[in-house]
Amino acid sequence: MTQVVIKLYGAEGCHKTNYYKILLDKTELPYQFLDVEKNKDHAEELRGLYENRKLNFPTITIGEKKLRNPNKEDLEKWLNKLIPSRLAIVHDKENNRFTLDINGGIAKVDYQIRHNKMYLMHSEVPYNLRGRGIGKVLVEKTFEQLTHEGYMAVAVCSYIKAIASRSKKWKKIIQY
């Protein structure tokens, strides 16, 4: 998955801009702060984001997504949706699956245990979240969790096989 660029357009003296700096710092994600009052190029870049060409700040961009003065929950929602690698995988042993919760949308890898091996049968990303690299993140996080928990696995699902075959990193724990 390509690295998503986060930009915060604002002004050093703006209390709302400073609020977003604190929120973004807490995420520990890299972001660029672009001071639109001190740098004309930054101001022009921000104006280019709006049809009315106004200096609407603070504005946060996450890749191509533009957020004008979002509340904390909306910012978190979009970060989760556009940067799924920041989410924690959950091993739901009762239901034989690994899950990523993306704002209530559940991406999952289902498995079966046979002969002391975990057979990775199926991977699925909710339809509305497809095409964003979430499947790859889901499978790689599943592999990381398997490694952490000491499981050996067999990739049955064609997509999981494809991800496993792209990196030598998984050869010791994933058969395909």
Side-chain angles (χ1 to χ4, degrees), residues 1-12 14 16-36 39 41-42 45-46 48-50 56-92 97-111 120 122-149 153 155 157 159-170 173-174:
M1 192 160 142
T2 58
Q3 180 68 28
V4 176
V5 176
I6 302 170
K7 295 180 181 180
L8 169 59
Y9 297 89
E12 197 67 50
C14 170
K16 202 69 165 160
T17 297
N18 290 321
Y19 168 73
Y20 290 119
K21 280 182 168 181
I22 291 168
L23 289 181
L24 289 170
D25 287 344
K26 285 181 183 177
T27 69
E28 298 183 2
L29 293 168
Y31 70 95
Q32 300 169 17
F33 170 61
L34 305 170
D35 193 319
V36 298
N39 185 309
D41 291 336
H42 297 326
E45 190 176 322
L46 176 59
L49 295 175
Y50 293 98
N56 293 323
F57 69 86
T59 292
I60 299 170
T61 59
I62 306 167
E64 299 296 315
K65 180 66 181 171
K66 174 181 65 180
L67 303 169
R68 167 77 172 102
N69 203 13
N71 64 42
K72 183 178 177 180
E73 293 75 22
D74 281 345
L75 177 59
E76 188 74 19
K77 177 186 89 170
W78 283 103
L79 289 171
N80 289 346
K81 191 171 187 175
L82 299 171
I83 311 172
S85 59
R86 70 190 294 263
L87 299 171
I89 191 108
V90 174
H91 186 178
D92 178 358
R97 70 176 39 145
F98 292 91
T99 61
L100 275 183
D101 183 339
I102 304 117
N103 304 318
I106 304 297
K108 65 183 179 177
V109 170
D110 291 318
Y111 66 85
L120 305 173
H122 176 73
S123 63
E124 185 177 323
V125 173
Y127 186 77
N128 65 325
L129 297 173
R130 292 181 186 169
R132 301 171 190 264
I134 292 170
K136 182 179 179 198
V137 169
L138 167 69
V139 171
E140 288 182 342
K141 283 185 171 282
T142 297
F143 292 170
E144 289 167 4
Q145 191 64 30
L146 288 169
T147 302
H148 177 73
E149 294 181 19
C157 168
Y159 183 74
I160 295 172
K161 282 181 187 179
I163 299 298
S165 69
R166 290 181 193 156
S167 173
K168 293 178 183 177
K169 179 179 180 181
W170 309 118
I173 64 156
I174 308 293

**Student:** Below 4.5 Å, heavy atoms only, C-beta onward: do Phe57 and Cys14 meet side chain to side chain?
**Tutor:** yes

**Student:** Measure the CG-CD distance between Leu24 and Gln32 for me, rounded to the nearest 0.5 Å.
**Tutor:** 12.0 Å

**Student:** Can you see whether Tyr20 engages Asn69 through a side-chain donor-acceptor pair at a distance of less than 3.5 angstrom?
**Tutor:**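 Indeed, the side chains of Tyr20 and Asn69 share at least one donor-acceptor pair under 3.5 Å.
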
**Student:** I'd like to check Asn39 versus Leu34 (side-chain heavy atoms, cut-off strictly below 4.5 Å). Are they in contact?
**Tutor:**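 Sidechains of Leu34 and Asn39: no contact.
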
**Student:** Donor-acceptor pair, distance only, cut-off 3.5 Å: does the side chain of Arg97 make one with the backbone of His91?
**Tutor:**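 No.
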
**Student:** Could you tell me whether the side chains of Tyr50 and Thr59 share a donor-acceptor contact shorter than 3.5 Å?
**Tutor:**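 Short answer, yes.
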
**Student:** So which atom in Leu8 and which in Lys21 form the shortest heavy-atom distance, rounded to 0.1 Å?
**Tutor:**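 For Leu8 and Lys21, the tightest heavy-atom pair comes out as CD2-CG, 3.6 Å.
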
**Student:** Taking atom CD1 of Ile83 and atom CD1 of Ile6, what is their separation to the nearest 0.5 Å?
**Tutor:** 3.5 Å

**Student:** Just so I know, are the side chains of Trp170 and Leu146 near enough to count as touching, which here means a heavy-atom distance under 4.5 Å?
**Tutor:**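 Not in contact.
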
**Student:** Looking at CG of Asn103 and CG of Asn80, how far apart are the two atoms once the value is rounded to the nearest 0.5 Å?
**Tutor:**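 Going from CG on Asn103 over to CG on Asn80, the span is 5.0 Å.
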
**Student:** To the nearest 0.5 Å, tell me how far Ile89 CD1 sits from Glu144 CD.
**Tutor:**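 Answer for the CD1-CD pair, Ile89 versus Glu144, is 9.0 Å.
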
**Student:** Considering non-hydrogen atoms only, spot the tightest contact between Val139 and Ser123 and give its length.
**Tutor:** CG2-CB, 4.5 Å

**Student:** Would you mind reporting whether Lys65 and Lys81 have side-chain heavy atoms less than 4.5 Å apart?
**Tutor:**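 The answer is no, as the side chains (C-beta and beyond) never meet within the 4.5 Å cut-off.
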
**Student:** Applying the side-chain contact (heavy atoms from CB on, under 4.5 Å) test to Ile62, which of Leu29, Val5, Leu67 qualifies?
**Tutor:** Leu67

**Student:** Please tell me if the side chains of Leu120 and Ile174 come closer than 4.5 Å, counting only heavy atoms from C-beta onward.
**Tutor:** yes

**Student:** Sort out for me which residue in Asp35, Thr61, Ile60 forms a side-chain contact (heavy atoms from CB on, under 4.5 Å) with Tyr9.
**Tutor:** Thr61

**Student:** Step through the shown structure and confirm whether more than 12 heavy atoms of other residues, nucleotides or ligands are within 6.0 Å of CD on Glu64.
**Tutor:**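 No.
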
**Student:** Look at the aromatic rings of Tyr111 and Phe98 and report parallel, tilted or perpendicular, splitting at 30° and 60°.
**Tutor:** tilted

**Student:** Keeping the roles fixed (side chain from Arg132, backbone from Leu82), state whether a donor-acceptor pair exists under 3.5 Å.
**Tutor:** no

**Student:** So which atom in Gly105 and which in Pro126 form the shortest heavy-atom distance, rounded to 0.1 Å?
**Tutor:** C-CG, 3.9 Å

**Student:** For Ile160 and Thr142, run side-chain contact (heavy atoms from CB on, under 4.5 Å): C-alpha distance rounded to whole Å, both residues' side-chain angles, the deciding distance at 0.1 Å, then the answer.
**Tutor:** CA-CA 10 Å; Ile160 295 172; Thr142 297; over 6 Å; no

**Student:** Counting C-beta onward and ignoring hydrogens, is there a side-chain heavy-atom pair between Lys136 and Tyr159 closer than 4.5 Å?
**Tutor:** yes

**Student:** Taking the side chain as C-beta and beyond, is there a heavy-atom pair between Phe143 and Val109 under 4.5 Å?
**Tutor:**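 With C-beta onward as the side chain, the pair stays apart.
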
**Student:** Which heavy atom of Ser85 sits nearest a heavy atom of Val137, and at what distance?
**Tutor:**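 Looks like CA-CG1, 3.7 Å.
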
**Student:** Apply side-chain contact (heavy atoms from CB on, under 4.5 Å) to the pair Arg130 and Glu124, showing each step before the final yes or no.
**Tutor:** CA-CA 9 Å; Arg130 292 181 186 169; Glu124 185 177 323; 4.1 Å; yes

**Student:** Report yes if the side chains of Asp25 and Tyr31 come closer than 4.5 Å at any heavy-atom pair, otherwise no.
**Tutor:**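 Yes, side chains in contact.
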
**Student:** Which value, rounded to the nearest 0.5 Å, describes the distance between Leu87 atom CG and Ile134 atom CD1?
**Tutor:** 8.5 Å

**Student:** From Leu100 CG over to Leu138 CG, what is the distance, rounded to the nearest 0.5 angstrom?
**Tutor:**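 Leu100 atom CG to Leu138 atom CG measures 5.0 Å (nearest 0.5 Å).
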
